[in-house]
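Below is one structure; the comments refer to it alone.
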Amino acid sequence: MTSSIALGKIIGRDFKAQQLVTTLTSSQDENPVSVVSIVGVGGIGKTALAQHVYNDTRITENFNVRMWISVTHLFDELRITKEMLESASSSRFRHDGTTSFNRLQVALKARLASKRFLLVLDDVWNSDNTTIAIEEENWRKLLAPLKDGAKGSKILLTTRSSMVAEMLQSSYIISLEALLVNDCWSLIKSSMFDETSHNINSQLENIGRKIAETLSGLPLAAKVVARHLKQCFAYCSIFPRDWEFEAEQLILQWIAQGFVRPDACRRVEDIGMEYINNLCKKSFFTVQKKEFVSYYVIPPVIYKLAKSVAAEECFRIGDDEWIRIPSSVRHLSVHLDSLSALDDTIPYKNLRTLIFLNSRTVAPIKASIPQVVLNNVRSLRVLDLSPCMIDKLPDSIRQCVHLRYLNISSTMITTLPEFLCKLYHLQVLNLAGCRLGKLPSRMNNLINLRHLTAANQIVSSVTDIGRLKYLQRLPIFKVTREQTQSIVQLGYLLELQGSLQIRNLENINTPDEAKEAMLCKKGQLSVLQLMWAPDLDEVNTNKEEDVLEALQPHENLKRLDIMGWMGVKSPSWLENEWLSNLKHIFLSGCNAWEQLPPLGQLPSIKTIWLQRLKMLRQIGPEAYGSGSQQEPFHLLEELVLDDMSELNEWLWSGHTMRNLHNVVIKDCSKLKALPPVPPNLTEITTARKGYWMPYHHDVKFAPATTARPSVSSLCIFNCPLLLARLSSPMTIEITASFGLLRSIITDQMIILKCPLLRERLELIESLDIQDCSEITSFSADDNDILLQLKSLQSLCISGCNTLRSLPSTLSRIKSLSKLVLWNCPALESLPEEPLPLSIRKIEVALCHPLLKERLKKEHGVDWPKIAHIPWVEIDGEILQQKLQIGK
């Protein structure tokens, strides 16, 4: 609280206020200067009560000198003494240059001698770092000059701690309790409504009282709620009933209007999200989740409250809304099918917000915004033209010099005018979905820009982007040797968050340049992708290593990709536990890297993806690390080895990765022994072909699916030595890992004959035979193996181009409940015997046309073999769907 004291009435504290005035004006105390304390929890109204009393006429008439000092938890005796002297002196700034505590105290003593004064010490805390004795001594020294004041002088302090009140020897202590619900509601009502022009109906009062009940009797909470209602919440009334708000866009509009008050510690967007959460807690919003997105919806009864609070400032034109727009209007939304209502009777010059909305009943139209609107909106802070299907940004927008938020996403605009770069206050520019060839040349003039949403290649073309120091997101940055697009530009963007991909790092001239990117200061980044161009002709290994060393990320990083780096020795920040929050690491195309860093000691690592590390021949103890007390890889869930052409061994005996769920080994032609596998493996996939496997951070950060929560898989693609090794004796650890195996996916039946799998055939529940291009029929051995599958429930045969007949033993697999035949173009018929009675579902697609003919319902030759199956689906057509009792 500053020394500027606000006037205003007090609610629910009248008796306490009278009591306090009487105590402060009394001269019966034996000491010339006595202490009175107001004690209570944060937000209970201590400062408000002190302010009210401080401005009471009886107080102003009783004291020659009044001083108000905000102490806070940072006890600074020099500052407090100086402020007391300034408050007590007529020439406020006369003592600014004095830094001597003793000289200030002498001056203060002289100023207060024989004067009756009132000193308010607001928000006094006790220190956690010093003893009570030291604190008492500090306060004794600080207040020593006040002893010569006239009889009746008072010190009034507000504090959360009764210990502080006692330490300063308070002669009188007032303890504040929570306000009654009626008083909380009165405080909300007085803050929200102009009592002379608003009648509060019973429905609104019921809502207000319910809100008041949730505030724990705290006046500050009541005022905060009222402020939220009057600004942020009331603003929402310009959107239709049941509107699904996206939190980020609503917050950015609030910020543009100045509704969100920044502080020195947090991003203003985070404060806005706190507002959203607070409104949710008060039931002003309900949350509706669709896929991965949360939408915020105002309940109907609360929407009425919002419209009432919005009163004369917020209006909407369209649908069932039609009302005369008064001169007090500040925020307006317009449905596109109501543009005819925008005539010259509307006071556009007063608008701070203009948002166009699609009609709920009419398809999107190419709208022509009346010129009378565009010519008179110079005061706008928020402008949303996204539904308008315009092909040019109106020239009159150049006049909107106060504009903070401009949304022209999904419009037909292909070129932006240069005058856009003179809207210096712009904080949000949304160009998503616009087919722009380029941005204006002087985009770096928009120095207040926080959010630029456009195609990645467009954003990455901005030169001198370091001037946009408040920018929150930069998906891609391309390094060149030009100063305007050098890596140094990133050093100015300290507020970047989310994902950052830095390309063409080979263009960094020196390690010092790399260090100036200040990646270690970017604590809001969750994903960092460091990319060098592949297959460079000349590489300076030492420089590569020094550059990567200088690109040390912040310890908060969640995912790190290093691609195309040509150093040999790992950076020091990967050799220790610096990246303690790292969950995912992707190393690709680093063809000189000979030895992995100790990834096992990264305490949070969940995914390791190694791809095309051509010099890596062995993974051993160095990958586990020795400097950590915890078990290596104790949280690892996914391990991928992709195209590791020289890798021949992973030494892992004695180390169990207890949380490992998925292992993929692809194109590792020299690997002859299994790397670590999930300890409770449930599914194995083997194939002689490799498959391209995408690695996207949005997938990695998506909420975990609940469809197959218990699946642990091992996939082996195009690793002939490894497949051959499966037929050899295995270690105890590997054998134990296969104990829960229930599913096999393979492109060759021979894999089922290896001892490791054959011993467990009776437990297998799912078999997927795919891409067996050379098989025409199942051999006697194959049929024998299938008969051993006593627990088989699902059999899928797919991509077998030459397969002409199914296993003859199919009818004898009594546990089978599902049969899928897909993309077997030579398959013409089912086996002679009817399919098992246990089958509940059969799906056939993309097989020989004759098979489809034979499976025609009622008339096909093979129909009697499947007529008993409840669900029959042929080429996407459901021929039979019987009700299954109990299923």
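This structure is a prediction, so every number in the text was calculated from the model and none was measured. In this chain, numbering begins with 1 at the start of the sequence shown.
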Supply the atom-to-atom distance Leu279 CG to Phe233 CZ, rounded to the nearest 0.5 angstrom. 7.0 Å
Heavy atoms of Tyr405 and Leu426 approach each other most closely as N-CD1, 4.0 Å
Using the test side-chain contact (heavy atoms from CB on, under 4.5 Å), find all partners of Gln18 that sit at least two apart in sequence or belong to another chain. Arg58
Please step through salt bridge (charged side-chain N to carboxylate O under 4.0 Å, His left out) for the pair Lys82 and Glu86, ending with a clear verdict. CA-CA 6 Å; Lys82 185 181 291 187; Glu86 289 173 351; over 6 Å; no
Checking side chain to side chain donor-acceptor pair (under 3.5 Å) for the pair Trp125/Asp123: CA distance, chi angles, key distance, verdict? CA-CA 6 Å; Trp125 292 60; Asp123 198 19; 2.9 Å; yes
Donor-acceptor pair, Ser237 side chain versus Ala234 backbone, under 3.5 Å? yes
Taking side-chain contact (heavy atoms from CB on, under 4.5 Å) as the definition, give me every residue that meets it alongside Asn102, ordered by chain and number, with sequence neighbours left out. Ser100
Over all atoms of both residues, closest heavy-atom pair of Ala256 and Arg404: CB-CB, 3.4 Å
Applying side chain to side chain donor-acceptor pair (under 3.5 Å), can you list everything that pairs with Asn62, at least two apart in sequence or on another chain? Arg116
Give me the atom names and distance for the closest heavy-atom approach of Tyr54 to Thr60. O-CG2, 4.0 Å
Going through the checks in order, is the side-chain contact (heavy atoms from CB on, under 4.5 Å) test met by His402 and Tyr424? CA-CA 8 Å; His402 302 289; Tyr424 302 120; over 6 Å; no
Which heavy atom of Ile59 sits nearest a heavy atom of Leu24, and at what distance? CD1-CB, 3.9 Å
State plainly whether the residues Arg266 and Asp263 are in salt-bridge range, i.e. N to O under 4.0 Å. yes
Measure across Leu104 and Leu85 and return the closest heavy-atom pair with its distance rounded to 0.1 Å. CD2-CD2, 3.9 Å
Taking side-chain contact (heavy atoms from CB on, under 4.5 Å) as the definition, give me every residue that meets it alongside Arg473, ordered by chain and number, with sequence neighbours left out. Glu248, His451, Gln497
Run the side chain to side chain donor-acceptor pair (under 3.5 Å) check on Arg467 and Asn445 step by step: do they pass? CA-CA 7 Å; Arg467 296 187 64 194; Asn445 283 347; 3.1 Å; yes
For residues Phe117 and Phe63, establish whether the separation of their ring centroids is below 6.0 Å. no
Start with the C-alpha gap between Thr158 and Leu121, add the side-chain angles, then the distance that decides, and say whether side-chain contact (heavy atoms from CB on, under 4.5 Å) holds. CA-CA 7 Å; Thr158 71; Leu121 297 173; over 6 Å; no
Donor-acceptor contact below 3.5 Å, side chain Lys46 vs main chain Val41: yes
Any side-chain heavy-atom pair of Asn556 and Leu525 under 4.5 Å: no
Do the side chains of Leu557 and Leu519 get nearer than 4.5 Å, heavy atoms only? no
If we only count heavy atoms from C-beta on, is the Leu250 to Phe285 side-chain gap below 4.5 Å? yes
State the CG-CH2 distance between Asn55 and Trp68, to the nearest 0.5 angstrom. 8.5 Å
Quick one, Glu312 and Val329 - any side-chain contact, counting heavy atoms below 4.5 Å? no
Trp139 meets the ring-ring contact (aromatic ring centres under 6.0 Å, His included) criterion, sequence neighbours left out, with Phe75
Within the structure provided, determine whether Asp122 and Val71 are in side-chain contact (heavy-atom separation under 4.5 Å). no
Which atom of Asn430 lies closest to which atom of Gln249, heavy atoms considered: ND2-OE1, 4.5 Å
Tell me whether Arg450 is salt-bridged to Glu269, with the criterion being a basic N under 4.0 Å from an acidic carboxylate O. yes
Can you check side chain to side chain donor-acceptor pair (under 3.5 Å) on Gln524 and Arg267, steps first, answer last? CA-CA 10 Å; Gln524 296 293 327; Arg267 295 170 58 249; 5.1 Å; no
Is the closest basic N to carboxylate O distance between Glu137 and Lys141 below 4.0 Å? no
Spacing of Gln253 atom CD and Leu383 atom CG [to the nearest 0.5 Å]: 10.5 Å
How about His331 and Tyr235: are their ring centres within less than 6.0 Å of each other? yes
With a 4.5 Å limit on heavy-atom distance, are the side chains of Gln427 and Ile255 in contact? yes
One pair to check against side-chain contact (heavy atoms from CB on, under 4.5 Å): Leu146 and Ile155. What are the steps and the verdict? CA-CA 9 Å; Leu146 279 58; Ile155 298 174; 3.8 Å; yes
Which distance, rounded to the nearest 0.5 Å, do you find between the CZ of Arg13 and the CD of Glu177? 8.0 Å
Test item: Val377 and Cys400 side chains (from C-beta on) under 4.5 Å apart, heavy atoms: yes
Please walk me through it: do Ile465 and Leu493 pass side-chain contact (heavy atoms from CB on, under 4.5 Å)? CA-CA 8 Å; Ile465 200 167; Leu493 306 178; 4.1 Å; yes
Measuring from atom CG of Leu474 to atom CD of Glu495, what distance do you get when rounded to the nearest 0.5 angstrom? 13.5 Å
For the pair Phe239 and Phe245, name the ring-plane relationship: parallel under 30°, tilted 30 to 60°, perpendicular over 60°. perpendicular
Could you list the residues that satisfy side-chain contact (heavy atoms from CB on, under 4.5 Å) with Met273, not counting sequence neighbours? Ala247, Ile251, Ile276, Asn277, Tyr296
State, yes or no, whether a side-chain contact exists between Arg352 and Gln257 at a heavy-atom distance under 4.5 Å. yes
